[in-house]
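Reading through the C-alpha coordinates given below for one structure.
It should be emphasised that the depicted structure is a prediction, and the values quoted were computed from it without experimental measurement.
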Amino acid sequence: MNMLPSFSQSSVLLLLGLITVLNELNPLFVCAEGTNENVTVEFSTDSIDIEIGETVNVDLSLSQKLSNSTLFIFTYEDKYIDSHEYIKRVPNISVPADDNTTLWHINVTGNNAGHIILGVNSTEIEIKNIEKAFVRIEVVHNSALVIVNAVIGWIYFVAWSVSFYPQVYINWKRKSVIGLNFDFLCYNITGFLAYGFFNVGMFWVQTVKDQYFNLHPRGINPVQLNDVIFTLHAVLVTILTICQCFFYEVRDQRVSKICIVLVVGAWLFALVSLIVTLTHVITWLTYLYYFSYIKLGVTLIKYIPQAYMNFRRKSTEGWSIGNVLLDFTGGSLSLLQMFLLAYNSDDWGSIFGDPTKFGLGAFSIMFDILFIVQHYCLYRRAQSYERILDSKTPSSPYLSYGSAGQPTVNDDQASQYIY
(Lines give C-alpha, C1' and ligand atoms only; values in the text may rest on other atoms or scores of the structure.)
Protein backbone atom coordinates (compact mmCIF):
# COMPACT_ATOMS: atom_id res chain seq x y z
CA MET A 1 0.00 0.00 0.00
CA ASN A 2 1.11 3.58 -0.61
CA MET A 3 -0.75 4.98 2.42
CA LEU A 4 0.92 5.66 5.75
CA PRO A 5 -1.11 4.93 8.88
CA SER A 6 -3.53 7.82 9.46
CA PHE A 7 -1.75 10.01 6.86
CA SER A 8 -1.43 9.91 3.10
CA GLN A 9 2.04 10.29 1.62
CA SER A 10 1.22 13.73 0.18
CA SER A 11 -0.18 14.89 3.53
CA VAL A 12 2.95 13.85 5.37
CA LEU A 13 5.19 15.61 2.86
CA LEU A 14 3.07 18.75 3.05
CA LEU A 15 3.12 18.70 6.85
CA LEU A 16 6.89 18.23 7.03
CA GLY A 17 7.45 20.93 4.43
CA LEU A 18 5.30 23.37 6.41
CA ILE A 19 7.17 22.64 9.64
CA THR A 20 10.50 23.13 7.89
CA VAL A 21 9.42 26.52 6.54
CA LEU A 22 8.22 27.64 9.97
CA ASN A 23 11.45 26.49 11.53
CA GLU A 24 13.55 28.48 9.06
CA LEU A 25 11.41 31.63 9.31
CA ASN A 26 11.15 31.69 13.09
CA PRO A 27 13.82 29.59 14.85
CA LEU A 28 12.98 31.21 18.20
CA PHE A 29 9.34 30.22 18.05
CA VAL A 30 9.80 27.09 20.18
CA CYS A 31 11.93 28.84 22.78
CA ALA A 32 9.30 31.54 23.15
CA GLU A 33 6.87 28.87 24.28
CA GLY A 34 9.34 27.64 26.92
CA THR A 35 10.12 24.32 25.25
CA ASN A 36 13.39 22.39 25.30
CA GLU A 37 16.16 23.47 22.99
CA ASN A 38 18.41 20.39 22.91
CA VAL A 39 16.15 17.36 22.64
CA THR A 40 17.88 14.56 20.70
CA VAL A 41 16.65 11.21 19.41
CA GLU A 42 18.63 8.03 18.78
CA PHE A 43 18.28 4.35 18.02
CA SER A 44 19.66 1.73 20.40
CA THR A 45 22.00 0.41 17.68
CA ASP A 46 23.44 1.69 14.44
CA SER A 47 23.36 -1.61 12.52
CA ILE A 48 21.58 -4.97 12.58
CA ASP A 49 21.64 -8.17 10.50
CA ILE A 50 18.38 -10.07 10.14
CA GLU A 51 17.09 -12.95 8.03
CA ILE A 52 14.11 -12.73 5.73
CA GLY A 53 11.01 -13.15 7.92
CA GLU A 54 12.94 -12.54 11.14
CA THR A 55 11.85 -9.78 13.52
CA VAL A 56 14.32 -7.82 15.63
CA ASN A 57 13.50 -5.26 18.33
CA VAL A 58 15.17 -1.84 18.15
CA ASP A 59 14.62 0.99 20.63
CA LEU A 60 14.01 4.62 19.73
CA SER A 61 14.64 7.03 22.59
CA LEU A 62 14.55 10.74 23.40
CA SER A 63 17.04 12.52 25.62
CA GLN A 64 14.10 14.14 27.44
CA LYS A 65 10.35 14.35 27.11
CA LEU A 66 8.77 16.65 24.57
CA SER A 67 6.70 19.70 25.42
CA ASN A 68 4.38 19.40 22.43
CA SER A 69 2.61 16.61 20.62
CA THR A 70 4.59 15.17 17.74
CA LEU A 71 4.63 12.51 15.08
CA PHE A 72 7.69 10.35 14.38
CA ILE A 73 7.75 9.31 10.73
CA PHE A 74 10.13 6.56 9.66
CA THR A 75 12.14 6.91 6.47
CA TYR A 76 13.77 4.35 4.18
CA GLU A 77 16.96 5.57 2.48
CA ASP A 78 15.67 9.10 3.22
CA LYS A 79 12.37 8.27 1.51
CA TYR A 80 8.99 7.84 3.11
CA ILE A 81 8.21 4.76 1.04
CA ASP A 82 10.56 1.77 0.88
CA SER A 83 10.58 1.22 -2.88
CA HIS A 84 12.49 -2.05 -2.55
CA GLU A 85 10.47 -3.26 0.46
CA TYR A 86 13.53 -4.77 2.14
CA ILE A 87 11.75 -4.52 5.49
CA LYS A 88 8.11 -4.36 6.41
CA ARG A 89 6.69 -0.93 7.00
CA VAL A 90 7.42 0.38 10.49
CA PRO A 91 4.32 2.10 11.96
CA ASN A 92 4.78 5.80 12.67
CA ILE A 93 4.66 6.91 16.30
CA SER A 94 2.23 9.58 17.48
CA VAL A 95 3.13 11.23 20.80
CA PRO A 96 0.44 13.30 22.63
CA ALA A 97 1.44 16.53 24.36
CA ASP A 98 0.86 15.10 27.85
CA ASP A 99 2.81 11.87 27.19
CA ASN A 100 5.98 11.45 29.27
CA THR A 101 7.25 8.48 27.27
CA THR A 102 10.84 8.80 26.01
CA LEU A 103 11.44 5.22 24.87
CA TRP A 104 9.64 3.17 22.21
CA HIS A 105 10.20 -0.41 21.06
CA ILE A 106 10.22 -0.86 17.30
CA ASN A 107 9.85 -4.18 15.49
CA VAL A 108 11.95 -4.52 12.32
CA THR A 109 11.00 -7.47 10.11
CA GLY A 110 13.05 -8.59 7.11
CA ASN A 111 11.07 -8.80 3.90
CA ASN A 112 13.59 -9.12 1.05
CA ALA A 113 17.38 -9.54 1.00
CA GLY A 114 19.28 -6.28 0.65
CA HIS A 115 20.63 -3.19 2.41
CA ILE A 116 18.57 -0.30 3.73
CA ILE A 117 18.94 2.58 6.16
CA LEU A 118 16.01 3.15 8.49
CA GLY A 119 15.81 6.76 9.60
CA VAL A 120 13.29 8.94 11.38
CA ASN A 121 11.82 12.39 10.92
CA SER A 122 9.52 14.40 13.13
CA THR A 123 7.00 17.21 13.08
CA GLU A 124 8.53 18.59 16.29
CA ILE A 125 11.11 21.24 15.42
CA GLU A 126 12.66 21.30 18.89
CA ILE A 127 14.39 17.95 18.16
CA LYS A 128 17.95 18.65 17.02
CA ASN A 129 20.15 16.65 14.61
CA ILE A 130 17.44 14.12 13.94
CA GLU A 131 19.14 13.23 10.64
CA LYS A 132 21.89 11.54 12.68
CA ALA A 133 19.45 8.95 14.03
CA PHE A 134 19.46 5.91 11.74
CA VAL A 135 19.99 2.15 11.63
CA ARG A 136 21.81 0.28 8.86
CA ILE A 137 19.83 -2.89 8.21
CA GLU A 138 21.22 -5.90 6.36
CA VAL A 139 18.52 -8.39 5.37
CA VAL A 140 20.08 -11.74 4.43
CA HIS A 141 18.96 -15.15 3.24
CA ASN A 142 20.86 -17.03 5.92
CA SER A 143 22.45 -15.75 9.13
CA ALA A 144 24.85 -18.72 9.15
CA LEU A 145 26.47 -17.34 6.00
CA VAL A 146 27.29 -14.16 7.91
CA ILE A 147 29.39 -16.24 10.31
CA VAL A 148 30.90 -18.25 7.45
CA ASN A 149 31.92 -15.05 5.69
CA ALA A 150 33.54 -13.74 8.87
CA VAL A 151 35.55 -16.96 9.22
CA ILE A 152 36.58 -16.82 5.55
CA GLY A 153 37.70 -13.23 6.06
CA TRP A 154 40.04 -14.22 8.91
CA ILE A 155 41.41 -17.20 6.97
CA TYR A 156 42.43 -15.15 3.94
CA PHE A 157 43.76 -12.41 6.22
CA VAL A 158 46.11 -14.98 7.80
CA ALA A 159 46.98 -16.54 4.41
CA TRP A 160 47.95 -13.18 2.92
CA SER A 161 49.90 -12.19 6.03
CA VAL A 162 51.90 -15.45 6.14
CA SER A 163 52.49 -15.42 2.36
CA PHE A 164 55.46 -13.05 2.73
CA TYR A 165 57.55 -15.42 4.82
CA PRO A 166 58.28 -18.34 2.44
CA GLN A 167 60.30 -15.96 0.24
CA VAL A 168 62.21 -14.62 3.24
CA TYR A 169 62.95 -18.17 4.36
CA ILE A 170 64.12 -19.43 0.98
CA ASN A 171 66.42 -16.41 0.60
CA TRP A 172 67.92 -17.12 4.01
CA LYS A 173 68.29 -20.84 3.35
CA ARG A 174 70.01 -20.34 -0.01
CA LYS A 175 71.95 -17.25 1.10
CA SER A 176 71.00 -15.96 -2.32
CA VAL A 177 68.25 -13.90 -3.94
CA ILE A 178 69.06 -15.07 -7.46
CA GLY A 179 65.76 -15.78 -9.16
CA LEU A 180 63.82 -13.15 -7.20
CA ASN A 181 63.06 -10.24 -9.50
CA PHE A 182 64.09 -6.87 -8.07
CA ASP A 183 61.43 -5.02 -10.07
CA PHE A 184 58.80 -7.04 -8.22
CA LEU A 185 60.24 -5.95 -4.87
CA CYS A 186 60.43 -2.34 -5.98
CA TYR A 187 56.80 -2.34 -7.12
CA ASN A 188 55.74 -4.20 -4.00
CA ILE A 189 57.23 -1.74 -1.52
CA THR A 190 55.80 1.17 -3.52
CA GLY A 191 52.35 -0.36 -3.54
CA PHE A 192 52.29 -1.27 0.13
CA LEU A 193 53.65 2.11 1.23
CA ALA A 194 50.98 3.87 -0.81
CA TYR A 195 48.30 1.54 0.57
CA GLY A 196 49.67 2.08 4.06
CA PHE A 197 49.40 5.87 3.79
CA PHE A 198 45.80 5.48 2.63
CA ASN A 199 44.80 3.05 5.38
CA VAL A 200 46.53 4.91 8.23
CA GLY A 201 45.06 8.23 7.12
CA MET A 202 41.54 6.85 6.75
CA PHE A 203 41.65 5.00 10.06
CA TRP A 204 43.58 7.30 12.41
CA VAL A 205 43.59 10.87 11.04
CA GLN A 206 40.48 12.65 12.34
CA THR A 207 40.54 15.36 9.67
CA VAL A 208 40.38 12.75 6.93
CA LYS A 209 37.61 10.83 8.69
CA ASP A 210 35.58 14.03 9.10
CA GLN A 211 35.95 14.79 5.40
CA TYR A 212 34.85 11.27 4.52
CA PHE A 213 31.73 11.36 6.70
CA ASN A 214 30.86 14.83 5.38
CA LEU A 215 30.63 13.20 1.94
CA HIS A 216 29.04 10.00 3.28
CA PRO A 217 27.06 11.01 6.40
CA ARG A 218 25.59 7.54 6.87
CA GLY A 219 28.50 5.58 5.45
CA ILE A 220 30.94 3.19 7.13
CA ASN A 221 34.66 3.80 7.18
CA PRO A 222 35.99 1.46 4.44
CA VAL A 223 39.25 0.93 6.37
CA GLN A 224 39.22 -1.26 9.46
CA LEU A 225 41.95 -2.07 11.99
CA ASN A 226 42.88 -5.37 10.32
CA ASP A 227 43.51 -3.47 7.06
CA VAL A 228 45.97 -1.19 8.84
CA ILE A 229 47.74 -4.07 10.61
CA PHE A 230 48.05 -6.10 7.40
CA THR A 231 49.52 -3.18 5.46
CA LEU A 232 52.07 -2.19 8.12
CA HIS A 233 53.12 -5.83 8.44
CA ALA A 234 53.47 -6.12 4.65
CA VAL A 235 55.70 -3.02 4.53
CA LEU A 236 58.00 -4.36 7.27
CA VAL A 237 58.41 -7.83 5.73
CA THR A 238 58.97 -6.37 2.25
CA ILE A 239 61.69 -4.11 3.67
CA LEU A 240 63.26 -7.19 5.28
CA THR A 241 63.25 -8.97 1.91
CA ILE A 242 64.87 -5.95 0.27
CA CYS A 243 67.57 -5.93 2.96
CA GLN A 244 68.35 -9.55 2.09
CA CYS A 245 69.22 -8.37 -1.41
CA PHE A 246 72.09 -6.31 0.05
CA PHE A 247 73.58 -9.20 2.02
CA TYR A 248 73.01 -12.27 -0.15
CA GLU A 249 74.27 -13.22 -3.59
CA VAL A 250 72.62 -11.25 -6.38
CA ARG A 251 74.89 -11.91 -9.42
CA ASP A 252 74.08 -9.34 -12.09
CA GLN A 253 70.45 -8.74 -11.06
CA ARG A 254 69.39 -5.09 -11.04
CA VAL A 255 66.24 -2.97 -10.97
CA SER A 256 65.26 -2.24 -14.57
CA LYS A 257 65.20 1.27 -16.00
CA ILE A 258 61.50 0.91 -16.80
CA CYS A 259 60.77 0.12 -13.16
CA ILE A 260 62.85 3.06 -11.95
CA VAL A 261 60.99 5.44 -14.26
CA LEU A 262 57.56 4.16 -13.19
CA VAL A 263 58.31 4.17 -9.47
CA VAL A 264 59.97 7.60 -9.52
CA GLY A 265 57.01 8.87 -11.54
CA ALA A 266 54.57 7.53 -8.96
CA TRP A 267 56.36 9.23 -6.06
CA LEU A 268 56.75 12.49 -8.01
CA PHE A 269 53.00 12.39 -8.58
CA ALA A 270 52.51 11.89 -4.82
CA LEU A 271 54.86 14.82 -4.08
CA VAL A 272 53.13 17.19 -6.48
CA SER A 273 49.75 16.13 -5.09
CA LEU A 274 51.02 16.87 -1.57
CA ILE A 275 51.96 20.42 -2.61
CA VAL A 276 48.53 20.86 -4.20
CA THR A 277 46.92 19.60 -0.99
CA LEU A 278 48.94 21.96 1.21
CA THR A 279 47.71 24.87 -0.93
CA HIS A 280 44.12 23.72 -0.22
CA VAL A 281 43.32 22.99 -3.86
CA ILE A 282 42.26 19.46 -2.95
CA THR A 283 41.33 17.88 0.38
CA TRP A 284 43.43 15.44 2.38
CA LEU A 285 40.81 12.79 1.62
CA THR A 286 41.30 13.27 -2.12
CA TYR A 287 45.07 13.15 -1.63
CA LEU A 288 44.83 9.80 0.15
CA TYR A 289 42.65 8.43 -2.63
CA TYR A 290 45.51 9.23 -5.01
CA PHE A 291 47.64 6.79 -3.01
CA SER A 292 44.98 4.13 -3.46
CA TYR A 293 45.20 4.71 -7.23
CA ILE A 294 48.97 4.16 -7.06
CA LYS A 295 48.33 0.87 -5.26
CA LEU A 296 45.87 -0.20 -7.95
CA GLY A 297 48.35 0.61 -10.70
CA VAL A 298 51.15 -1.29 -8.96
CA THR A 299 48.94 -4.36 -8.54
CA LEU A 300 48.33 -4.44 -12.29
CA ILE A 301 52.02 -4.63 -13.22
CA LYS A 302 54.02 -5.96 -10.29
CA TYR A 303 53.87 -9.67 -11.23
CA ILE A 304 54.85 -9.19 -14.88
CA PRO A 305 58.64 -8.84 -14.34
CA GLN A 306 58.81 -12.01 -12.22
CA ALA A 307 56.76 -14.06 -14.68
CA TYR A 308 58.92 -12.88 -17.58
CA MET A 309 62.12 -13.59 -15.64
CA ASN A 310 60.94 -17.16 -14.96
CA PHE A 311 60.20 -17.53 -18.67
CA ARG A 312 63.64 -16.32 -19.72
CA ARG A 313 65.45 -18.53 -17.21
CA LYS A 314 63.12 -21.47 -17.85
CA SER A 315 63.15 -21.93 -14.07
CA THR A 316 61.35 -20.78 -10.94
CA GLU A 317 64.40 -21.41 -8.74
CA GLY A 318 64.68 -18.61 -6.19
CA TRP A 319 61.00 -17.62 -6.48
CA SER A 320 59.04 -19.11 -3.59
CA ILE A 321 56.10 -21.25 -4.64
CA GLY A 322 54.89 -21.08 -1.03
CA ASN A 323 54.34 -17.36 -1.45
CA VAL A 324 52.30 -18.05 -4.60
CA LEU A 325 50.17 -20.80 -3.05
CA LEU A 326 49.30 -18.70 0.00
CA ASP A 327 48.52 -15.68 -2.16
CA PHE A 328 46.33 -17.84 -4.37
CA THR A 329 44.53 -19.19 -1.29
CA GLY A 330 43.92 -15.70 0.08
CA GLY A 331 42.77 -14.29 -3.25
CA SER A 332 40.43 -17.20 -3.97
CA LEU A 333 38.82 -16.98 -0.53
CA SER A 334 38.47 -13.21 -0.93
CA LEU A 335 36.54 -13.65 -4.18
CA LEU A 336 34.48 -16.46 -2.62
CA GLN A 337 33.55 -14.13 0.20
CA MET A 338 32.50 -11.46 -2.28
CA PHE A 339 30.16 -13.90 -4.05
CA LEU A 340 28.70 -15.22 -0.79
CA LEU A 341 28.06 -11.68 0.45
CA ALA A 342 26.43 -10.76 -2.87
CA TYR A 343 24.21 -13.86 -2.78
CA ASN A 344 23.23 -13.46 0.86
CA SER A 345 22.18 -9.85 0.37
CA ASP A 346 21.03 -10.04 -3.27
CA ASP A 347 23.61 -7.34 -3.95
CA TRP A 348 25.34 -8.49 -7.14
CA GLY A 349 26.10 -4.89 -7.94
CA SER A 350 28.77 -5.01 -5.21
CA ILE A 351 30.74 -7.33 -7.52
CA PHE A 352 29.86 -6.40 -11.07
CA GLY A 353 29.08 -2.79 -10.19
CA ASP A 354 32.68 -2.37 -9.01
CA PRO A 355 34.73 -4.04 -11.78
CA THR A 356 37.99 -2.54 -10.47
CA LYS A 357 37.94 -4.40 -7.16
CA PHE A 358 36.75 -7.65 -8.70
CA GLY A 359 39.09 -7.33 -11.67
CA LEU A 360 42.18 -6.75 -9.53
CA GLY A 361 41.42 -9.80 -7.40
CA ALA A 362 40.90 -11.98 -10.46
CA PHE A 363 44.02 -10.52 -12.10
CA SER A 364 46.22 -11.49 -9.15
CA ILE A 365 44.77 -15.01 -9.11
CA MET A 366 45.51 -15.39 -12.83
CA PHE A 367 49.18 -14.60 -12.20
CA ASP A 368 49.25 -17.03 -9.27
CA ILE A 369 47.93 -19.73 -11.60
CA LEU A 370 50.61 -18.82 -14.15
CA PHE A 371 53.34 -19.16 -11.51
CA ILE A 372 51.92 -22.51 -10.41
CA VAL A 373 51.95 -23.76 -14.01
CA GLN A 374 55.52 -22.51 -14.46
CA HIS A 375 56.70 -24.21 -11.29
CA TYR A 376 54.91 -27.54 -11.46
CA CYS A 377 54.50 -28.04 -15.22
CA LEU A 378 56.65 -25.95 -17.57
CA TYR A 379 59.88 -25.81 -15.59
CA ARG A 380 59.39 -28.74 -13.24
CA ARG A 381 62.48 -30.57 -14.49
CA ALA A 382 64.71 -27.51 -14.67
CA GLN A 383 68.05 -27.93 -12.90
CA SER A 384 68.52 -25.62 -9.97
CA TYR A 385 72.17 -25.15 -10.83
CA GLU A 386 75.11 -26.71 -12.69
CA ARG A 387 78.47 -27.26 -11.05
CA ILE A 388 81.45 -26.10 -13.07
CA LEU A 389 84.11 -28.78 -13.61
CA ASP A 390 87.36 -27.47 -15.04
CA SER A 391 89.53 -30.48 -15.97
CA LYS A 392 92.30 -28.19 -17.10
CA THR A 393 92.83 -26.96 -13.56
CA PRO A 394 93.72 -30.05 -11.52
CA SER A 395 95.20 -27.95 -8.78
CA SER A 396 91.84 -26.31 -8.06
CA PRO A 397 90.93 -26.66 -4.37
CA TYR A 398 87.41 -27.60 -5.43
CA LEU A 399 88.60 -30.67 -7.39
CA SER A 400 90.08 -34.01 -6.44
CA TYR A 401 90.76 -37.21 -8.37
CA GLY A 402 88.85 -40.42 -7.99
CA SER A 403 90.16 -43.95 -8.35
CA ALA A 404 89.72 -43.78 -12.13
CA GLY A 405 91.80 -40.64 -12.36
CA GLN A 406 88.78 -38.45 -13.27
CA PRO A 407 88.26 -35.08 -11.60
CA THR A 408 85.37 -34.94 -9.13
CA VAL A 409 83.74 -32.15 -7.15
CA ASN A 410 84.34 -31.59 -3.46
CA ASP A 411 80.69 -30.90 -2.43
CA ASP A 412 81.71 -29.40 0.89
CA GLN A 413 83.79 -26.68 -0.73
CA ALA A 414 82.38 -26.11 -4.19
CA SER A 415 80.57 -22.81 -4.47
CA GLN A 416 80.67 -22.00 -8.18
CA TYR A 417 77.45 -22.74 -9.99
CA ILE A 418 75.23 -21.35 -12.70
CA TYR A 419 71.46 -20.87 -12.14
Side-chain angles (χ1 to χ4, degrees), residues 43-59 74-79 81-90 106-119 133-161 199 202-203 212-213 216-230 292 296 326-366 368:
F43 288 97
S44 56
T45 182
D46 58 2
S47 63
I48 56 173
D49 295 329
I50 58 176
E51 289 187 357
I52 297 175
E54 180 184 5
T55 300
V56 174
N57 181 266
V58 178
D59 293 336
F74 292 97
T75 63
Y76 312 84
E77 298 290 352
D78 294 326
K79 299 176 182 178
I81 298 296
D82 179 10
S83 58
H84 296 87
E85 297 181 346
Y86 293 130
I87 61 175
K88 292 184 178 180
R89 187 71 52 78
V90 179
I106 300 165
N107 291 325
V108 178
T109 302
N111 202 35
N112 290 299
H115 315 270
I116 193 169
I117 293 180
L118 177 68
F134 61 89
V135 182
R136 301 182 189 90
I137 301 174
E138 180 93 11
V139 185
V140 298
H141 289 288
N142 193 327
S143 295
L145 280 180
V146 176
I147 300 175
V148 170
N149 281 324
V151 173
I152 290 175
W154 280 107
I155 293 175
Y156 74 66
F157 172 80
V158 172
W160 273 337
S161 297
N199 285 341
M202 288 290 293
F203 188 77
Y212 178 81
F213 286 112
H216 311 280
R218 296 183 174 181
I220 301 176
N221 192 330
V223 176
Q224 302 300 311
L225 180 60
N226 60 328
D227 298 313
V228 178
I229 294 174
F230 170 79
S292 71
L296 293 178
L326 286 168
D327 187 68
F328 176 77
T329 300
S332 300
L333 290 176
S334 175
L335 288 185
L336 174 62
Q337 185 190 58
M338 290 177 62
F339 277 99
L340 289 178
L341 286 171
Y343 160 74
N344 211 21
S345 301
D346 274 347
D347 186 18
W348 297 103
S350 62
I351 295 179
F352 304 110
D354 186 4
T356 301
K357 181 178 180 181
F358 176 76
L360 285 174
F363 189 79
S364 296
I365 289 178
M366 288 174 57
D368 289 331

- Message: Once you measure the plane-to-plane angle for Tyr212 and His216, does it fall in the parallel (<30°), tilted (30-60°) or perpendicular (>60°) bin?
- Response: tilted
* Would you call the rings of Phe43 and Phe74 parallel, tilted or perpendicular if under 30° counts as parallel and over 60° as perpendicular? -> tilted
Got a second to check how far [X]'s [atom1] is from [Y]'s [atom2], nearest 0.5 Å?
| X | Y | atom1 | atom2 | result |
| --- | --- | --- | --- | --- |
| Ile152 | Leu341 | CD1 | CG | 8.5 Å |
| Leu118 | Ile48 | CG | CD1 | 8.0 Å |
| Phe213 | Ile220 | CZ | CD1 | 8.5 Å |

Short side-chain to backbone donor-acceptor contact, [X] and [Y], under 3.5 Å:
| X | Y | value |
| --- | --- | --- |
| Ser334 | Gly330 | no |
| Asp347 | Gly114 | no |
| Glu77 | Ile117 | yes |

Heavy-atom pair of closest approach, residues [X] and [Y]:
| X | Y | answer |
| --- | --- | --- |
| Leu326 | Trp160 | O-CD1, 4.4 Å |
| Asn57 | Asp59 | OD1-OD1, 3.2 Å |
| Ala113 | Asn344 | CB-O, 3.7 Å |
| Val223 | Phe203 | O-CD1, 3.5 Å |
| Val58 | Ser44 | CG1-OG, 3.7 Å |
| Phe328 | Ile365 | CE1-CG2, 3.6 Å |

Do [X] and [Y] have side chains that approach each other closer than 4.5 Å (heavy atoms only, starting at C-beta)?
| X | Y | answer |
| --- | --- | --- |
| Thr75 | Phe134 | no |
| Phe230 | Asn199 | no |
| Arg89 | Ile81 | yes |
| Asp346 | His141 | yes |
| Met338 | Leu335 | yes |
| Tyr343 | Leu145 | yes |

Tested for side chain to side chain contact (heavy atoms under 4.5 Å, CB included) against Ile87, the lone hit among Ile116, Asn107, Thr109, Asn112 is Ile116
